[in-house]
Visitor: 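Mind looking over this structure? Questions follow.
In what follows, every heavy atom counts, from backbone to side chain, and hydrogens, waters and symmetry copies are set aside.
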Amino acid sequence: MTVLTLSTVGFHEAVPIGADPLLRAYTISLILVGAGSMVYLLSNITAFVVEGELNEVIRRRRMDKRIERMQGHYVVCGVGRNGEHAAVQMHRGGHDLVVVDHSQEAIDAFLAMVDGEVPWVIGDAGDDAVLERAGIGRARGLIAALAADQDNLYLVLAARELNPTIRIVAKVNEQRSRKKMIQVGVQQVVSPSAMGGYRMYQEMVRPQVTDFMDYLLHESGEDLAMDEVPIGPGSRLAGQRLADSGIRTRTNVLVVGVRDGAGDAFTYNPGPDFVLAAGSTLIVIGRRVSVADLREMGQAAG
């Protein structure tokens, strides 16, 4: 009788109530309270579903608009075991990035590791439409960290077609894939297994060196960093001897190497008479704020 009443279907009285005022009063109360509760419950469930979907649509559109305004950002495709850590380091380094993955769970796991909101796109990274949503045509760099080498290869081909000048770093699982990656335009190929093996070798024979590099790159309490600083065209550093440049006295940054403008050769530990040239890149060690000051010097006109 309660089900028949609250569902407003009606059929017949399971218990005759016509002659009993108390049963009639109870039934009236049941209709008013029960039907009202059902309407309230259903309206809240509907509102929760509709508002949740609406909020997600609004959030997605706001994120798409944010990506559309981005210029010179980085795209990380695949936030699995390797891509996740690469994206986290990019974010901590203050770089603008968009992450792409086919799994919402992988995206959520990455977002839980970072502070703030990082734009993301769900979909197949090898799909041109997905890459365009990530702003690949305006991006500065791409990290291809999908699970399979063939997927990364297809991704690189699609990205290179949409942005011929983008810098690409790709992960490979098999060493035989390295040559193919280079042939399709990957600037740097990274093998996690090879790097892991080399790191274990270094830990065994040069533990103090690896500890210092970890301290320098990841764990420094003094916020030290090893970084690269390009010398731009017309920079006031161009044409100066290292001793006269003021780099050490003004920023207390140590120049440990210089790469020439063609990218062909390194000069290790340049001496005081080394002449800095426009287009070259300094490899330096110093506090992050000091490196930022030096970067401004490298771009400032003389």
Side-chain angles (χ1 to χ4, degrees), residues 70-76 85-97 138-143 163-169 185-190 195 198-199 202 206-302:
M70 296 176 72
Q71 296 279 348
H73 59 286
Y74 298 90
V75 179
V76 179
H85 295 290
V88 167
Q89 293 301 323
M90 294 286 291
H91 178 70
R92 290 177 179 174
H95 302 286
D96 292 332
L97 74 150
R138 306 180 305 277
R140 177 180 301 175
L142 166 70
I143 294 179
N163 187 340
T165 62
I166 191 172
R167 176 174 173 79
I168 300 178
V169 175
V186 174
Q187 281 87 353
Q188 191 66 44
V189 180
V190 177
M195 291 185 64
Y198 182 73
R199 174 59 187 261
Q202 291 287 347
R206 301 184 184 93
Q208 303 305 322
V209 174
T210 54
D211 286 349
F212 174 74
M213 293 303 296
D214 283 342
Y215 169 80
L216 180 66
L217 298 176
H218 306 294
E219 304 171 2
S220 173
E222 298 182 13
D223 196 29
L224 293 173
M226 175 175 283
D227 210 334
E228 57 184 60
V229 177
I231 300 178
S235 169
R236 61 187 178 190
L237 295 178
Q240 292 194 38
R241 296 168 58 246
L242 185 59
D244 301 329
S245 65
I247 292 177
R248 190 65 185 270
T249 57
R250 294 179 57 182
T251 66
N252 198 31
V253 170
L254 178 64
V255 179
V256 296
V258 179
R259 190 168 198 176
D260 62 27
D264 296 328
F266 281 100
T267 300
Y268 162 73
N269 191 24
D273 294 328
F274 183 87
V275 178
L276 304 175
S280 60
T281 301
L282 308 180
I283 311 301
V284 301
I285 298 176
R287 298 188 61 189
R288 298 183 189 275
V289 292
S290 301
V291 173
D293 292 339
L294 177 57
R295 185 168 284 108
E296 291 182 3
M297 291 174 59
Q299 297 302 317

Visitor: So do V284 and L254 actually touch side chain to side chain, heavy atoms under 4.5 Å?
Guide: no

Visitor: Check whether S235 reaches the backbone of I231 with its side chain - one donor and one acceptor, N or O, closer than 3.5 Å.
Guide: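 Not a single qualifying donor-acceptor pair exists.
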
Visitor: First locate atom OH of Y74, then atom CD1 of I143, and finally report the distance between them rounded to the nearest 0.5 Å.
Guide: 9.0 Å

Visitor: Could you pull out the closest heavy-atom pair between P233 and A278, with the gap in Å?
Guide: CA-CB, 4.3 Å

Visitor: Can you tell me how far apart CG (D293) and CZ (R287) are? Round to the nearest 0.5 Å.
Guide: 10.5 Å

Visitor: Any chance you could measure R140, atom CZ, to I166, atom CD1, to the nearest 0.5 Å?
Guide: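 If I round to the nearest 0.5 Å, the distance is 11.0 Å.
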
Visitor: Set out, in order, the CA-CA distance, both residues' side-chain angles and the distance that settles side-chain contact (heavy atoms from CB on, under 4.5 Å) for R250 and M297, then state yes or no.
Guide: CA-CA 10 Å; R250 294 179 57 182; M297 291 174 59; 4.0 Å; yes

Visitor: Above 12 or not: heavy atoms from other molecules or residues under 6.0 Å from CD of Q188?
Guide: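 Counting other residues, nucleotides and ligands, CD of Q188 stays at 12 neighbours or fewer.
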
Visitor: Would a distance-only check, ignoring hydrogens and angles, find a side-chain to backbone donor-acceptor pair under 3.5 Å from S290 to T251?
Guide: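 Side chain of S290 to backbone of T251: a pair is present.
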
Visitor: Once rounded to the nearest 0.5 Å, what's the spacing between atom NE2 of H95 and atom CD of Q89?
Guide: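 With rounding to 0.5 Å, NE2 (H95) is 10.0 Å from CD (Q89).
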
Visitor: How many angstroms lie between atom OG1 of T281 and atom CG of L276, to the nearest 0.5 angstrom?
Guide: 11.5 Å

Visitor: Quick test of your reading of the model: are R288 and D227 salt-bridged, counting only N-O distances below 4.0 Å?
Guide: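 No, R288 and D227 are not salt-bridged.
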
Visitor: Should H73 and L97 be marked as a side-chain contact (heavy atoms from CB on, under 4.5 Å) after you check the CA-CA gap, both sets of side-chain angles, and the distance that decides it?
Guide: CA-CA 5 Å; H73 59 286; L97 74 150; 5.8 Å; no

Visitor: Where do V256 and L282 land on the side-chain contact (heavy atoms from CB on, under 4.5 Å) test, with the steps shown first?
Guide: CA-CA 8 Å; V256 296; L282 308 180; over 6 Å; no

Visitor: May I have the step-by-step check of side-chain contact (heavy atoms from CB on, under 4.5 Å) for Q187 and V169, ending in yes or no?
Guide: CA-CA 6 Å; Q187 281 87 353; V169 175; 5.9 Å; no

Visitor: Please determine whether the number of non-hydrogen atoms from other residues, nucleotides or ligands lying under 6.0 Å from atom CZ of R138 exceeds 12.
Guide: yes

Visitor: Considering only heavy atoms from C-beta outward, does the side chain of V186 approach that of V189 to under 4.5 Å?
Guide: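 SC-SC contact between V186 and V189 confirmed.
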
Visitor: If you measure from CG on N163 to CD1 on I168, what distance do you get to the nearest 0.5 Å?
Guide: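 Answer rounded to 0.5 Å: 8.0 Å.
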
Visitor: Are the side chains of V253 and R248 in contact, using a 4.5 Å heavy-atom criterion?
Guide: no

Visitor: Which pair of non-hydrogen atoms, one from L242 and one from P270, has the smallest distance, and what is that distance?
Guide: CD2-O, 3.6 Å

Visitor: Do the side chain of Q240 and the main chain of R236 share a donor and acceptor less than 3.5 angstrom apart?
Guide: yes

Visitor: Tell me, do I283 and V258 make a side-chain contact under 4.5 Å, heavy atoms counted?
Guide: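 Side-chain contact under 4.5 Å: no.
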
Visitor: Considering residues, nucleotides and ligands other than E228, do more than 12 of their heavy atoms fall under 6.0 Å from its CD?
Guide: no

Visitor: To check you understand the geometry: which heavy-atom pair defines the closest contact between P207 and T210, and what is its length?
Guide: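 Nearest pair, atom of P207 first, then T210: O-OG1, 2.9 Å.
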
